[in-house]
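Worksheet: the structure to be examined is printed underneath.
Quick caveat, the model's predicted, so the values are computed rather than measured. Naming: A, B, ... by sequence-line order, numbering from 1 per chain.
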Number of protein chains: 2
Amino acid sequence: MFQVLTGTSVAGNNGWLTTDVVSGVPQRSPAWGAYSGSWPAQKRSSFEAQSLHLPSSNEYRLEPSWFGGGARKRAAQRGRCPNCYSPQQTTRQSPRCAVSDETYMDRCIQLALMARPSPNPPVGCVVVDPDTGRIVGEGFHPRAGYPHAEQYALQATFTTLRNASSHQNQHLAATVSEPVAALPGSARGMHVYVTLEPCNHYGRTPPCTESLIQAQVSRVVIGTRDPDPRTAGSGAERLRRAGIEVQFGPRAAECLKLYEGFQHRIHHQTPLGILKYAMSLDGKIATETGDARWVSSATSRRYVHELRARCDAVVVGAGTVRRDDPALTVRLEESIDVPELGYGQPLRVVMCTSAARLWRDRPDAKLWDTSVAPTVLAVSSAGEVSSSKELDAAEREAILALRSRGVQIAYLDALLPLPPTRALMQWLYDYGCTTVLWECGGTLATSAVRESAVHKILVFVAPKLVGGRSSPTPIAADLGVRNMEEALALRLGRMEVIGSGQDVLIEAYLDSNKLSPDAASGTT
Amino acid sequence: MFQVLTGTSVAGNNGWLTTDVVSGVPQRSPAWGAYSGSWPAQKRSSFEAQSLHLPSSNEYRLEPSWFGGGARKRAAQRGRCPNCYSPQQTTRQSPRCAVSDETYMDRCIQLALMARPSPNPPVGCVVVDPDTGRIVGEGFHPRAGYPHAEQYALQATFTTLRNASSHQNQHLAATVSEPVAALPGSARGMHVYVTLEPCNHYGRTPPCTESLIQAQVSRVVIGTRDPDPRTAGSGAERLRRAGIEVQFGPRAAECLKLYEGFQHRIHHQTPLGILKYAMSLDGKIATETGDARWVSSATSRRYVHELRARCDAVVVGAGTVRRDDPALTVRLEESIDVPELGYGQPLRVVMCTSAARLWRDRPDAKLWDTSVAPTVLAVSSAGEVSSSKELDAAEREAILALRSRGVQIAYLDALLPLPPTRALMQWLYDYGCTTVLWECGGTLATSAVRESAVHKILVFVAPKLVGGRSSPTPIAADLGVRNMEEALALRLGRMEVIGSGQDVLIEAYLDSNKLSPDAASGTT
């Protein structure tokens, strides 16, 4: 049994703005929230102002839209609406801010970011009373096998409207065994905001379109179509046929971003691979002596923990385990998860060519403690066929020892002739992963890039100089680039200054087609 | 004799918005100007709209204020005023845009950027009729020894007001020999905008404060105080005592930026050293084979030419001349200079340890053609005392040959015990330089950073991957950093996306005090 916030968003000082949406306990003051710090206190007394000027979500802090984060932040600092840049309005009906659909969608995105439903898409949903502009129900799809976001939001709406007089800190008790279905007319005339087009097929739950029709909502605002081409549009069509007003589009770019991994999984039958590294302004990831603690600032490292929390798996090489002994866990002061669901940590993956050697060198690695998070050892002999029975015995022994500690073993050789990093991605796809974070060193990173296991790169550029002829760089091995014209072209994504200028975060996408023909057969 | 635009700004289709401010000829459509592309055509018919919504200057395109460029650009794209973010106003008196002082100051900055007055500061000045909001006179301080910006602007005002009925494409003919002085009451009641506090001392021209008082202006708006602490504030004080309203501050940050080099020269008795390089997203400045054409995009390379045009000197090492044979000239399609003044090109400087070797290897280098731009060969034996008379003879011969081609020779050994790059900066200071651009390779760059000859770094980060174990990096030699904690900390300045995502430009400042103690005795 777990709890989803419902009525606490309606009014008063205990509203969701200052309350942890999941636990219901008051949040600590958001020190580096995008807008909260600059809001005049007197504006907060009105709920309408709160619902119009939402604080940005965790994901927004990490990846605001192209320069939009800056513009919105500046607008907020000047006491202006981040949407229309006009002085902050206290009523929803203000003609100056005709984009309030977008702020409700912001809240949906914020809710969706709390979901961990891989391989399903993360969805957030908000039900709004159009007469008052108030949010009367909220929900998100917590994880695969649980009801959908719309179901929770409709149930919450029903509870809120029934208990309209005693809604403060009202929680909805919902379990998986208890069927969550909308009662006829339970949300009559309400407006529904949802990040993804509602589903239109029978699965573990009845289709969300039927629930919305039965609840008699009057308008559904959808962030983006279902990326799956087989179902895209049919949900909206079903709602329209039932006489419900359907609108697409507010925060479409942000919603598409939300389904980046899901879309990649569907279209390419592989998880989205993200390579993350931190380098100095002169392109070094460590000093000549190999010291790399820390290249980026504490704020950036916090961002990395948020990023890990959003990914299904984190991959490193055996070299990183030998050198740094990382824990690869999400360590955040405030939880952004629902602890009751126990999905706080990503799958931790180590790539190696010999379990025996790694076990001999690091019998006490933090990764072998599977009580804090699951660990997978991905073993690829990479063509090194061992003829020594003794070595095989050591390998067996190491694997048995690791298994006894709860470590899963993935044999990548079984997936030959795929190159090792692609074989790992295939294994993780079968495991149900949507997004995989590569936090490896320069050599494995080169293999992952060459073998198309990486589709997106996140670079933290620290404003410092390291120098040194032999200091390691992010892509350390040979990519096969002889002339600058052959360099692997990326498409620049978003860019952000971390904190008050501690680091610069650059996002770039790899176009898989641009990889050289021999890339698929590359080696580690 | 040269010409400064005056009355063309007053009205009509030939206003300065669509006319080259220097030549008076219509400009080609600005393909990547910050605002011009998004303006609705019907708004342009009104001059008031033009004077309120200025296009950004060249320097703005290069270095907008922290994220401000993005916010302003987005606002303009939405058809909103870049200052107040409200829908564009057509009258200056609109209560929604109470910051029009800033737009006049923008124009002053634009004018100042046309000046090349090193070692004097670049100043721009605009005279506005407060009744109509129209600009009636403009001017800038073109180069040392010429009249100041205020003098030109007042003279232009006098001409404009006298010829109010025939002001289209009106030019002011002014020569150095002709004294430019304000006639009593010639700008009565006008508002004056000027980037720097007007001077208050007798030099080659009478003090600008006296001219402004004599012209009977009613208000003077000043971008920033004189950075020179000996004179700061006295000009404003003199104006106030004469009953003129004085205001400081609009676009103060941008104006301070304008005087960055001037301020550095005054406070530290050395020019501002700027190190510029372009690297890939994995920190490489060339491929393993040494190919570096081109790391950054054509748009970024255009920016570099704009940057060169703003600097007094450009420095490379002998290795760059041997390998690339650069011209180091400013090559821009549209001139941003006043050709009559002949200050279109920066001083080109080559650092070497032996003129004879460089002359033998590159007798036909583009830099030896001093008809296009002046060249300085900075020779530092760097402790290599030659005992061979033959070599000395070769050295003498090479220097004579280079001198006959017009190349100046700077003997850095005469400035010992200063380290070579610092000695060069000292030589360039004595030469009158305010800003020096280091466009050198990784080895000389390391020396310049170690020896505090670099104070600011501009990095173009290209979204591409190069890889390779031996690919060169921007700071290639040893900085003495063993642990990451010892890395040379920089202060992040501004950041910009070039074009539509071709490159990222990052600006960072070195804090000279943070250099290690042994840095001053470093070697090339």
Report all side-chain donor-acceptor pairs from residues 465-481 of chain A shorter than 3.5 Å, counting only partners two or more places apart or in another chain.
residue : atom : partner : partner atom : Å
A:S470  : OG   : A:E288  : OE2          : 3.2
A:S471  : OG   : A:E288  : N            : 3.4
A:S471  : OG   : A:G467  : O            : 2.7
A:T473  : OG1  : B:K284  : NZ           : 3.0
A:D478  : OD1  : A:G480  : N            : 3.0
A:D478  : OD2  : A:R482  : NH2          : 3.2

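In terms of heavy-atom proximity, B:V497 sits nearest to A:M495 at CG2-CE, 3.5 Å. Of all heavy-atom pairs spanning B:D282 and A:M279, the tightest one is C-SD, 4.3 Å. Closest of all the heavy-atom pairs between B:K464 and A:A487 is CD-CB, 3.8 Å.
At a 4.5 Å heavy-atom cutoff, the contact between A:V459 and chain B is made by side-chain atoms alone. With a 4.5 Å cut-off on non-hydrogen atoms, A:Y509 does not touch chain B at all.
Every residue meeting the side chain to side chain contact (heavy atoms under 4.5 Å, CB included) condition with B:P463, not counting sequence neighbours, appears here in chain and number order: A:L490, A:L492, B:D503.
When each of B:I285, B:I506, B:N483 is scored by its heavy-atom pairs under 4.5 Å with chain A, the top score falls to B:N483. Of the listed residues B:V295, B:L281, B:T289, B:T446, the one with more heavy-atom pairs under 4.5 angstrom with chain A than any other is B:L281.
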